[in-house]
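Below is one structure, written out as structure tokens; comments come after it.
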Amino acid sequence: MSDTSHQQSPSQNTANPVVKSFSKTHIRMVLVVPFMLQIILAVGLTGYLSYRNGQIAISDLATQLHTEITARIEQYINNYLKIPSLVVDLNANAINNQQLNLDKPRSWLPHLLKQSKVFDSLSYIYAGNKAGDYIALQRKDEGGLAYNVRDAASKNLLDDYSIEFDGTEKNLNNPVVYDPRLRPWYQTAVKSGKPVWTDIYQFIGSKGTEQLGMSFVAPYVDNKNELQGVLGADFSLTRISDFLRSVKVGKTGKIFIVDKAGLLVGGSFPYPSFDKNKQRLKALDVQEPLIAATAQFLNSNFGQFNNISRSEELHFAFEGEQQLVHVAPFNNPFGLPWLTVVVVPEADFMEQININTRTTLMLSFMAVLMAIAIGFFTSKWIVQPILRLNKAAKKLSGGDWDQSQSLPVARSDELGELARSFDSMSKQLKQSFETLEELNTAYSRFVPHQFLQFLNKKSIVDVRLGDQVQKEMSILFSDIRSFTTLSESMTPEDNFRFINAYLSRMEPEIIRNDGFIDKYIGDAIMALFGGSADQAVTAGITMLDRLVEYNEHRQQDGYIPIHIGIGINTGKLMLGTVGGHNRMDGSVISDAVNLASRIEGLTKNYGVALLISHQTYSRLVNPAAYSIRMVDKVKVKGKSELVTVYEVFDADAEENRQGKLDTLEKFSEALRYYYDLHDIETSARLFAECLAQNPHDTVAKIYLDRCHNPEHPVVGA
């Protein structure tokens, strides 16, 4: 066995996908892209890892910060909540030690003033007994003090006193009806029977103290365990919001506390957590956009705030930025069902990382630009002569044959020799292509381009004997009436001149309607239409219209007019090549072709110009768009079944066409009586009426003759 059998052929090399891939790559790209890819990969990977590690570090930092802030808030509020319980315990001990008397509320004032100085964070310190006597020391919003008292001396009305900054008392003289036993704090203590926190509610007191807050209350009982009254101390929600505003979370972070119903307890915003009617706001309705968006996100994520039972770290998008959210149940010894929410824009933490990332991207971009510049400079230095040859080859492929000016033919090296050879080749190719173009133009006159398209061939060179395709097409046959008699009066030269003058007028109408001429048979034309049947019918009508123009020209020159008949059928046919290897021809083989020829022959018998078969009629998109009528059911040669044929009379002379349109309904009725009802007498009467209205109707005359003479031969082909 020879060693050459182991060698790969060029076709095998090009079949390798790797080789094919590199063979399509521009040399300039080969020199530029590797530099660029190395820098992008190295810098990009470094930048990504730096950015990703920064994100992880920030996430951990945010979690720690959130946890610390939450713990700080819990510590502050828990310490704050312990003060009311401590004050209540102190006052209960004072009663036990007989330092205070529940039945003499006015005697409490000095004691309460001292407590207000020590516990300046409390809003109210108060006590009410079972008889309805009551005293409460209040801290106003602006920092001043006031107290309310109800006893026998106030006639069981609530007197309102203001304590000036110098310690003097001022009766505001606005007594109101008030019974402490009906207030939520009193009833909550009595109902629970033990020290307890109330729900959040609106305080009632001196002007400037009507706030929302909570009360720590405890029932006071005697030695017999009988209720003597209730002791309490309050704090307002404003205190919580004041504290939350003082806690800084990043640059723009927010903190808020809600209960399980979604109502605000407090938040880091500069306005109360309740409306003008002292109704608590929902976190969803707060005016702070970030807090409202966070509440909406939590509500959508968990269904309702009551479903949040443990600490969660979440994130969501707001105004195009990622927000880091920490939500946790409020850890307190009093059983308050609150949730602490801390939300911080990720950008607050990522600012420096983003700056570093932008710097990295900028450096990467500059490095890529430098790599591209160096690569292009190198590639230009190496491949410029080759690129000029490549450019010349592209122009050559586009038909620009003169390449001597763009080629480096003046060079004395190998590239110069290659350029001179290329220039010589372009001149030879120009001559060859001009010759080939002339041949293709000549071939197209004998073999239509549509014929090649149907065979799926790009060129006549690709056609082989036996190539064939089956397709449904419309076949048009046309023939000049009495051509033999006409040609006998002409010389052979006149015959050819006449035939070519006629055919040159018919051919454009066929081509204009997407058809092509399969063959000329003397004066006859056989054309094929691969599109809709409408194209063939329209071509037939326009051929007859052009014939009218041609006859006018003939009459002007002293020649007699000619008449043609056109038959159209639609059906499946075999389109292909027949003959031998040295001489072949394009042809169609089908019974549909024979039928089209027979239908064209029927036009002579009926004295009409254009007939179509039922197969063509049934494939028309809109038959009503044509002037058309059924003509007959005939038996054609080679067919066992009757064939229904229709006349298309759009191209008839105006008088005849209008007459046929006017009698169309009557003509159809006459056919029905003739064929379906076999009523010859009625049919004859109707045909006679059609003929009387339109004497040029040759078909009506044929049927009238049949009715009067039953032995009259049936038209056939």
Side-chain angles (χ1 to χ4, degrees), residues 51-78 199-200 212 237 240-241 243-245 247-275 279-332 334-351 353-354:
Y51 180 78
R52 185 61 183 156
N53 291 335
Q55 278 191 318
I56 295 173
I58 289 301
S59 179
D60 293 341
L61 176 61
T63 301
Q64 295 175 17
L65 180 62
H66 288 161
T67 303
E68 291 176 3
I69 290 174
T70 301
R72 180 182 171 190
I73 293 171
E74 289 176 351
Q75 180 182 11
Y76 173 82
I77 296 179
N78 282 331
D199 292 333
I200 297 174
L212 291 183
L237 298 187
I240 294 180
S241 293
F243 169 71
L244 294 180
R245 280 198 301 274
V247 179
K248 298 298 181 183
V249 186
K251 288 185 177 181
T252 57
K254 299 294 179 181
I255 309 169
F256 62 99
I257 299 175
V258 294
D259 61 18
K260 291 301 182 77
L263 297 175
L264 280 172
V265 176
S268 56
F269 38 79
Y271 38 82
S273 56
F274 46 85
D275 60 20
Q279 297 296 317
R280 293 174 63 194
L281 293 173
K282 290 185 177 180
L284 296 171
D285 300 331
V286 71
Q287 296 178 13
E288 188 67 40
L290 181 56
I291 292 179
T294 305
Q296 179 64 45
F297 165 72
L298 293 174
N299 194 53
S300 300
N301 198 54
F302 292 97
Q304 55 185 353
F305 288 97
N306 195 42
N307 293 331
I308 303 175
S309 58
R310 60 187 179 87
S311 177
E312 300 280 357
E313 292 287 342
L314 307 165
H315 61 85
F316 74 102
F318 173 66
E319 294 183 347
E321 293 185 359
Q322 285 293 317
Q323 311 293 326
L324 306 177
V325 182
H326 175 83
V327 56
F330 182 63
N331 185 18
N332 67 94
F334 307 105
L336 297 175
W338 294 351
L339 296 170
T340 305
V341 183
V342 182
V343 55
V344 189
E346 188 181 56
D348 286 5
F349 297 103
M350 295 291 292
E351 182 177 6
I353 292 179
N354 290 334

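For clarity, every value in this text was computed on a predicted model and none was experimentally measured.
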Within-4.5 Å side-chain heavy-atom neighbours: V258 and L298: no
Separation of L290 CG from F256 CZ (nearest 0.5 Å): 8.5 Å
Minimal non-hydrogen separation, I257 against W338, with atom names: CG2-CB, 3.9 Å
Spacing of NZ belonging to K260 relative to CD1 belonging to I308, to within rounding of 0.5 Å: 8.0 Å
Note, F302 side chain near L314 side chain (heavy atom, < 4.5 Å): yes
Approximate separation, where rounding is to 0.5 Å, of N299 CG and T294 OG1: 12.0 Å
Spatial distance of atom NE2 (H326) from atom OG1 (T340) [nearest 0.5 Å]: 8.0 Å
Shortest non-hydrogen contact between P329 and R310, atoms and distance: CD-C, 3.6 Å
Residues, nucleotides or ligands: over 12 heavy atoms within 6.0 Å of D199 CG: no
F305/D259 under side chain to side chain contact (heavy atoms under 4.5 Å, CB included): CA gap, chis, key distance, verdict: CA-CA 8 Å; F305 288 97; D259 61 18; over 6 Å; no
Separation of Q296 CD from F316 CZ (nearest 0.5 Å): 10.0 Å
Pairwise distance CG(L284) to CD1(I291) - rounded to 0.5 angstrom: 12.0 Å
Residues which pass salt bridge (Lys or Arg N to Asp or Glu O under 4.0 Å) with E321, listed by chain and number, not counting sequence neighbours: none
